[in-house]
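Structure record follows, encoded as structure tokens.
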Amino acid sequence: MKEILHQQLSQALQTLHYPAVEILLEKPKVATHGDVTTNIAMVLAKSVGKKPREIAETIIQELKIAQTIISSIEIAGPGFINFTFADSFIVESSKKVLIEGKNYGKNSSGKNIKVNIEWVSANPTGPLHSGHGRQVILGAVLANILEWNGYDVTREYYFNNAGNQMRNLAESIYARYCELCGENIQFPGDGYHGEYIKTIAQEIFNEKGKRITDKNYFQKKGEEWCFANIKNILTKLNVVHDVFYNEDSLYKNGKIQEVIEKFRSLDLIYEKDGATWLKATTLGLENDRVIVKNTGEPTYRLPDIAYHCEKFLRGFDVMIDIFGADHIATIPDVLAGVKALGYDTTKVKVIIHQMVSFLRDGKQVKLSKRSGDAYTLDELIEDVGKDAVYYFFVMRSANTHLEFNIDLAQQQSEQNPVYYLQYAHARIASILRFAEEQNFESKNFSAILHATNFSRIHEKEEIELLKLLLDFPEEIQKCSISYEPHHLTVYLREVAETFHKFYHAHRVLSEDKELMKARLALCIMAKIVIANGCIILGVEPKEKM
RNA sequence: GUGCCUGUAGCUCAACUGGAUAGAGCAACAGCCUUCUAAGCUGUAGGUUAUUGGUUCGAUUCCAAUCAGGCACACCA
């Protein structure tokens, strides 16, 4: 819809011999400022040497746009040019919602761009805790959004099932197992204290009795149990990864060694105290870093660097990593290493979300992993349901500290923002059920399109709703450009609100069948947008509440 | 001490990346159900955007300093 304006404005700049500045068309915050606004007159003021309002005047003179498209053009404030679309143009444009239906909102801004999104990536040493939820949801929704923008998305989970942490897991399970066997052995100092360790030990004990001493067996069992647990939770949340990338494969196919050799040839490593160091300081960082310990084992940095190089070699144009703020320190080293190896790290987009605190009965829930009484993600889903988990985790920008109010999420009441959205959808569904009883079509969109006299739509509340529905594709694009899914929740809340307002102002079912059909079409369009939005957000669009 | 994030209404947060009168939800107060779902709608009240400077036509947004909170500063990931 904006294309016409864009083209006309740049044409005007040309004929007026103004410099070709970038033309920004924005939606004003206040409705009385029209549907679209541009600030070019103010931008031009300095270089042209005239007052913004005068410039705006000259530009407007040059515009040739039919009254049937733009009903009014105004100069306002310091020099904004405000455009208002003609109602008939809005109504006409809105037909595309019905035409595209389930696909309405999709766009091709990411066409032919391969993006890899890597997230969750928890090692199989225990269940996901509730704090993990933010990352799980953020990544899942972002991946959906990218897909709706036409990106070729690969969802990836990177894990490590070797090394210290896994040994620790094995030792912890072994200690619990020994307890079950009646032996008293010292529980490892940095062991995992969670109840699940006892569960795993019990399972092994039940199955095998007292005979096991092979630590590898405990590690294998522990890994299996933890991974099954993690995957089970992800399944509950409908999170599906295309690739599970095992860090170990980087050793097997020699990629780790390759990276070391390359660093060596670039004179970026040295030996000290029996360890191998990366000269991070020559790459502009604070300190040099160990990449191979004196035990011969690499630190996380080396495989991480190799892994990112691998992603480049696999041909991704954009690589997204999602981390919690507690992992922030690991990023600069890894990226510096990857860059030193000749890769364009601007293609790596690291999203860091701040920590989450949970509120129950007005008090903070403790998340201590060590004490073993961690509040797991599974328990959170149990407490508030999948829909609320999705909505609450995604409704805030990633870089604010999130307060998750369990009491609120649990409430089946008007206070809960998830229900507001679902209620609007259910309400529409209810209207459509009534209409169906009277033999009105509500499923076959193209039939509706042909049978509807759209010119019957002209009330203020109807036009307002349509305008908002027409913003949907742009909202989705906005979310992907900024990698910020929370904009979508703000938008959808507004759609629901605008629908409720329409609902209260006008009856849909009526004796005037033509009007009724037109309003049913409007309802269906609103339903399409809310449903599509809900699907992206992982929230179920309910037919009944 | 250093790095990153944050500070906006009583509470939880937006503000389209520099635009016009800073907006929502919850909580508070006052209204609206013999008609399609009141999990809704309408209205009232609530602000020196932590503080102080700077940049410019214009700052919640950018820069600097200060104050406050969170996270991280390993041969753990």
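The structure displayed is predicted, hence computed values, not measured ones. Reminder, nothing fancy here: chain letters follow the sequence lines and each chain counts from 1. Reckoned from all heavy atoms, side chains included, excluding hydrogens, waters and symmetry mates.
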* To do: Just call it for A:H506: base, sugar-phosphate, or nothing, with non-hydrogen atoms closer than 4.0 Å on any strand.
  => base
* Asked: Starting at CZ of A:R396 and ending at P of B:rC11, how long is that distance when rounded to a whole Å?
  -> 14 Å
* To do: Indicate, with a heavy-atom threshold strictly under 4.0 Å, whether A:T295 touches base, sugar-phosphate, or nothing.
  => nothing
* Asked: Out of B:rC76, B:rU6, B:rA77, which has the shortest distance to the side chain of A:H401?
  -> B:rU6
* If you look at every strand shown and take non-hydrogen atoms under 4.0 Å, does A:V490 touch a base, only sugar-phosphate, or nothing? -> sugar-phosphate
* **Selection residues 319-335 of chain A - residue pairs positive for side chain to side chain donor-acceptor pair (under 3.5 Å), sequence neighbours left out** => A:R289-A:D333, A:R301-A:D333, A:H308-A:D321, A:K311-A:D321
* Please work out if A:N82 contacts a base, only the sugar-phosphate, or nothing of the nucleic acid, heavy-atom cut-off 4.0 Å. => base
* So what does A:E543 hit on the nucleic acid, given a heavy-atom distance under 4.0 Å: a base, only sugar-phosphate, or nothing? -> base
* Asked: When the nearest nucleotide of RNA chain B is assigned to A:V30 and to A:A398 on a heavy-atom basis, which residue is associated with the more 5' position?
  -> A:A398
* Asked: By centroid distance (under 5.5 Å) and plane angle (under 30°), are A:Y420 and B:rA39 in a stacked arrangement?
  -> no
* Is A:H33 stacked on the base of B:rA20, meaning ring centres closer than 5.5 Å and planes within 30 degrees of each other? -> yes
* Asked: Considering only heavy atoms from C-beta outward, does the side chain of A:I40 approach that of A:Y18 to under 4.5 Å?
  -> no
* Asked: Does NZ belonging to A:K513 count more than 12 external heavy atoms closer than 6.0 Å?
  -> yes
* Is A:K27 paired with A:E474 through a side-chain N to carboxylate O contact shorter than 4.0 Å? -> no
* **A:R427, nearest nucleotide to its side chain (from B:rC76, B:rA77, B:rA38)** => B:rA38
* Parallel, tilted or perpendicular: which describes the rings of A:Y270 and A:W277, with under 30° parallel and over 60° perpendicular? -> parallel
* To do: Inspect the contact between A:K443 and A:E436 and indicate whether a charged nitrogen and a carboxylate oxygen are less than 4.0 angstrom apart.
  => yes
* To do: Report yes or no: is the cationic atom of A:R427 (NZ for Lys, CZ for Arg) under 6.0 Å from the centre of the six-membered ring of A:F499, at an angle within 45° of the ring normal?
  => no
* Asked: Any donor-acceptor pair under 3.5 Å between the side chain of A:H504 and the base of B:rC32?
  -> no
* Asked: For the side chain of A:K478, counting heavy atoms from C-beta on, which of B:rC16, B:rC76, B:rU37 is nearest?
  -> B:rC16
* Structure fact -> Taking Watson-Crick and G-U wobble contacts under 3.5 angstrom, with | marking pairs to another strand and [ ] crossing pairs, the secondary structure of RNA chain B is written (((((((..((((.....[...)))).(((((.......))))).....(((((..]....))))))))))))....
* To do: Tell me whether the OP1 or OP2 atom of B:rA14 has a side-chain N or O from A:T400 closer than 4.0 Å.
  => yes
* Structure fact -> By side chain to side chain contact (heavy atoms under 4.5 Å, CB included), A:N82 pairs with (sequence neighbours left out) A:H33, A:T37, A:A76, A:F80
* Asked: Which of these, A:F227, A:Y307, A:Y245, A:W119, sits in a ring-ring contact (aromatic ring centres under 6.0 Å, His included) with A:F159?
  -> A:F227
* For atom P, what is the distance between B:rG7 and B:rC13, given to the nearest Å? -> 10 Å
* If the C1' atom of B:rU49 is compared with that of B:rA9, how far apart are they to the nearest Å? -> 10 Å
* NA contact type, A:A329, heavy-atom cut-off 4.0 Å: base, sugar-phosphate, or nothing? -> sugar-phosphate
* **Residue-phosphate contact under 4.0 Å: A:K29 side-chain N/O, B:rG19 OP1/OP2** => no
* Describe the nucleic acid contact of A:N123 in one word from base, sugar-phosphate, nothing, applying a heavy-atom distance below 4.0 Å. => sugar-phosphate
* Identify whether any heavy atom of A:Y300 sits under 4.0 Å from a base atom; if not, whether one sits that close to sugar-phosphate; answer base, sugar-phosphate or nothing. => base
* Asked: Hey, does A:K51 reach any base, or is it just sugar-phosphate, or nothing, if we go heavy atoms under 4.0 Å?
  -> nothing
* Asked: Just to confirm, is there a sub-4.0 Å distance from OP1 or OP2 of B:rC75 to any side-chain nitrogen or oxygen of A:N294?
  -> no
* Hey, does A:E26 reach any base, or is it just sugar-phosphate, or nothing, if we go heavy atoms under 4.0 Å? -> sugar-phosphate
* Structure fact -> Between CD of A:E474 and P of B:rC16 the distance, given in whole Å, is 14 Å
* Asked: At under 4.0 Å, does any side-chain N or O of A:H486 touch on OP1 or OP2 of B:rA15?
  -> yes
* Asked: Between A:T330 and A:S397, which is nearer to the 5' end of RNA chain B once each is assigned its nearest nucleotide?
  -> A:S397
* Classify the nucleic acid contact of A:K27 as base, sugar-phosphate or nothing, counting any heavy atom under 4.0 Å across all strands shown. => base
* Would you say the base of B:rA20 and the side-chain of A:T37 have a donor-acceptor pair closer than 3.5 Å? -> yes
* To do: Could you tell me whether the phosphate oxygens of B:rA15, OP1 or OP2, come under 4.0 Å of any side-chain nitrogen or oxygen in A:H487?
  => yes
